[in-house]
Amino acid sequence: MVSRRGFIFGSIGVGSAVIVGGGIGKATQNGLFSAGEGDGFAAWDESLEGMSGIAAAGVLAASSHNTQPWSFRVSDDGIDVLGDRKRLMGAADPRLRELHISLGCAIENMAVAAAAQGLATDVEIVRGGSGHFARLTFKPGLIDKEYAALAEQIPLRSTNRGAYDADRAPGSRELSALSACAAGVSLKLLSSAEERSAFSALTVAATEVHVADAEMQRDSHAWYRMTQAEVERYQDGITIDGAAAGIVGTTFLKMFPPTPDAFDEQWAKVTGETHCATAPMFGLLVASTAGDHAAWIAAGRAYQRIQLEATRLGIATHPLSQSLAVRDRDLARGERNTFAEALDSYAEGGEVVLAFRLGYPKADVPRSPRRALADSSI
Ligand SMILES: Cc1cc2nc3c(=O)[nH]c(=O)nc-3n(C[C@H](O)[C@H](O)[C@H](O)COP(=O)(O)O)c2cc1C
């Protein structure tokens with residue numbers, strides 16, 4: 001005969017099993033066992049050969065919130081890079097700084113893919129706010145072999161938001177290779193304990209301002225894809241896998257996709273406890289003039305090249321844009337806040353245009369989704 005106690009515990013056990021079983025079912029539906037698989041990830045396996053292959057490399061570039069804010073017009077003699085108005089970040093990028101950097105990232109991936117085909121890329125920046133940002137033309141030329149070899153890294157690169165080895169900073173050889181990638185802007189590295197602590201404090205404080213701002217939160221979360229159905233439908237945005245929350249965290253998030261408030265609370269926590277605390281160093285891309293759109297595109301090219309070189313060296317990178325986004329929010333209203341003051345102290349009269357951490361990651365991360373080239377072209 002089953003005792004009363006045994007019956008109660010038995011019932012709790014069955015109840016828990018049903019809840020856990022249901023949760024695992026939900027997590028499985030949300031891609032627990034199929035991270036990085038499916039149509040939303042097919043772009044990573046496309047050929048990078050020929051003119052359409054060059055454009056396909058552009059699709060694989062980093063972009064803020066994975067908005068993929070580009071539209072490519074591919075012709076026999078070149079590729080026009082246009083912006084996509086439906087893919088802007090509103091209050092989360094009011095000066096369009098991140099839009100320009102993202103387009104610069106795509107341009108650099110295309111230039112590297114072209115180099116692998118023996119083609120030199122001429123980039124003509126189009127000014128004037130028409131939505132047409134650059135025209136790329138290609139011609140056979142003398143190509144730097146190491147630059148061309150970076151093409152192998154294009155499908156391997158990703159943003160790693162997990163923990164890094166805080167005690168292992170990239171060495172001077174690696175750092176000079178990365179600094180050499182920063183054409184058109186300069187790379188400032190923050191590696192001493194004081195420098196890291198000051199930039200961490202700035203980033204954590206900015207994250208708190210960011211999550212408390214309803215418009216920034218709304219326009220950021222428009223790009224969060226918390227279920228597999230959303231990932232498959234939109235093939236863009238920030239995913240649960242992209243958060244690099246580890247197996248337990250990822251399983252939990254896939255069982256119980258978070259609300260924007262819950263996500264932001266966790267984001268603020270990991271920004272301090274993981275992103276900043278485990279970073280052996282931070283990198284700042286600094287332009288010599290503030291508000292220069294061409295310099296923002298140059299910064300995107302530099303950052304994409306840095307990521308490719310870093311991938312080759314086994315080094316992970318992860319932008320931390322919070323302090324810049326909060327600076328830009330007020331600059332766009334004609335006000336300079338404390339984040340502007342702090343960032344300017346690094347810029348020697350210029351402007352910090354991108355901030356990121358770099359180091360040796362504790363674990364790899366799955367790929368992020370991409371729209372097909374056909375959906376990114378006109
Ligand atoms: C201009 C720019 C700003 C970015 N800012 C952040 C950021 O603040 N936090 C973050 O986690 N990722 C940031 N990223 C990384 C993108 O979210 C990432 O590139 C995108 O989700 C695609 O993922 P992938 O790089 O792994 O392919 C930024 C990327 C760019 C180009």
Side-chain angles (χ1 to χ4, degrees), residues 35-36 61-66 101 105 150 153-182 187-207 210 238-250 252-253 263 266-285 302-325 346 352 354-368:
S63 63
S64 51
H65 282 48
N66 199 14
I101 297 175
C105 288
L150 286 178
Q153 309 302 326
I154 290 175
L156 305 177
R157 178 213 61 83
S158 58
T159 301
N160 192 321
R161 301 183 181 85
Y164 297 175
D165 185 343
D167 300 322
R168 186 177 169 214
S172 53
R173 276 228 328 252
E174 285 77 9
L175 293 176
S176 26
L178 296 177
S179 296
C181 297
L187 174 62
K188 185 175 177 66
L189 294 164
L190 309 177
S191 55
S192 73
E194 297 75 45
E195 287 172 324
R196 283 187 287 147
S197 155
F199 190 74
S200 297
L202 187 73
T203 302
V204 168
T207 311
H210 200 298
I238 305 286
T239 65
I240 286 174
D241 289 310
I247 181 66
V248 175
T250 301
F252 183 81
L253 289 168
F263 188 96
Q266 191 58 20
W267 179 43
K269 189 167 158 9
V270 296
T271 294
E273 293 176 7
T274 305
H275 301 165
C276 291
T278 73
M281 61 176 44
F282 298 100
L284 305 178
L285 290 179
Y303 181 59
Q304 188 68 26
R305 187 165 164 191
I306 286 171
Q307 291 174 85
L308 297 175
E309 182 67 26
T311 306
R312 187 180 75 77
L313 296 167
I315 295 169
T317 56
H318 170 200
L320 293 169
S321 303
Q322 295 91 313
S323 56
L324 287 76
Y346 298 111
V352 177
L354 187 71
F356 60 99
R357 66 183 175 120
L358 63 162
Y360 294 94
K362 298 273 190 182
D364 289 337
V365 284
R367 295 157 159 182
S368 57

Requested in this report: Could you tell me the separation between the CZ atom of Phe282 and the CG atom of Leu202, rounded to the nearest 0.5 Å?
Outcome: 10.0 Å
**Report entry** Heavy-atom side-chain proximity of Ile101 to Leu285 below 4.5 angstrom
**Finding:** no
**Report entry** Minimum side-chain heavy-atom gap Leu178-Leu358 below 4.5 Å
**Finding:** yes
**Report entry** Approximate separation, where rounding is to 0.5 Å, of Leu313 CG and Leu175 CG
**Finding:** 9.5 Å
Query raised in the report: Roughly how far, to the nearest 0.5 Å, is CG of Leu320 from OG1 of Thr271?
Result: 7.0 Å
Query raised in the report: Looking only at heavy atoms, what is the nearest atom pair of Pro280 and Gly359, with distance?
Result: CG-CA, 3.8 Å
**Report entry** Verdict with reasoning, Leu308 to Ile154, per side-chain contact (heavy atoms from CB on, under 4.5 Å)
**Finding:** CA-CA 7 Å; Leu308 297 175; Ile154 290 175; 4.0 Å; yes
Query raised in the report: Could you give all pairs that pass the side chain to side chain donor-acceptor pair (under 3.5 Å) test and reach residues 155-167, with sequence neighbours left out?
Result: Arg157-Gln307
Query raised in the report: Looking only at heavy atoms, which two atoms of Gly162 and Ala244 are closest? And how far apart?
Result: N-CB, 3.5 Å
Query raised in the report: In Å, rounded to the nearest 0.5 Å, how long is the span from CZ of Phe263 to CD1 of Ile238?
Result: 7.5 Å
**Report entry** With Thr239 via side-chain hydrogen bond (donor to acceptor under 3.5 Å, both in side chains) - residues at least two apart
**Finding:** none
Report summary line: Here the gap from Trp267 atom CH2 to Gln322 atom CD, rounded to the nearest 0.5 Å, amounts to 4.5 Å
Query raised in the report: For Leu284 and Ala355, which heavy atoms make the closest approach, and how far apart are they?
Result: CD2-CB, 3.6 Å
Query raised in the report: Looking only at heavy atoms, which two atoms of Gly283 and Leu189 are closest? And how far apart?
Result: CA-CD2, 4.2 Å
Query raised in the report: For Tyr360, what residues pass the ring-ring contact (aromatic ring centres under 6.0 Å, His included) criterion, not counting sequence neighbours?
Result: none
Query raised in the report: Partners of Glu174 by salt bridge (Lys or Arg N to Asp or Glu O under 4.0 Å), sequence neighbours excluded?
Result: none
Report task. Output the distance between atom SG (Cys181) and atom CD1 (Ile306), rounded to the nearest 0.5 Å. Result -> 6.0 Å
Query - Minimal non-hydrogen separation, Arg357 against Thr278, with atom names - result: NH1-OG1, 3.5 Å
**Report entry** Set of side-chain hydrogen bond (donor to acceptor under 3.5 Å, both in side chains) partners for Glu195, sequence neighbours left out
**Finding:** Ser192
Report summary line: Contacts of Ala205 meeting side chain to side chain contact (heavy atoms under 4.5 Å, CB included) (sequence neighbours excluded), chain-then-number -> Phe339
Query raised in the report: Which pair of non-hydrogen atoms, one from Ala62 and one from Cys105, has the smallest distance, and what is that distance?
Result: O-CB, 3.4 Å
Query raised in the report: Going by the angle between their ring planes, with limits at 30° and 60°, are Tyr303 and Phe356 parallel, tilted or perpendicular?
Result: tilted
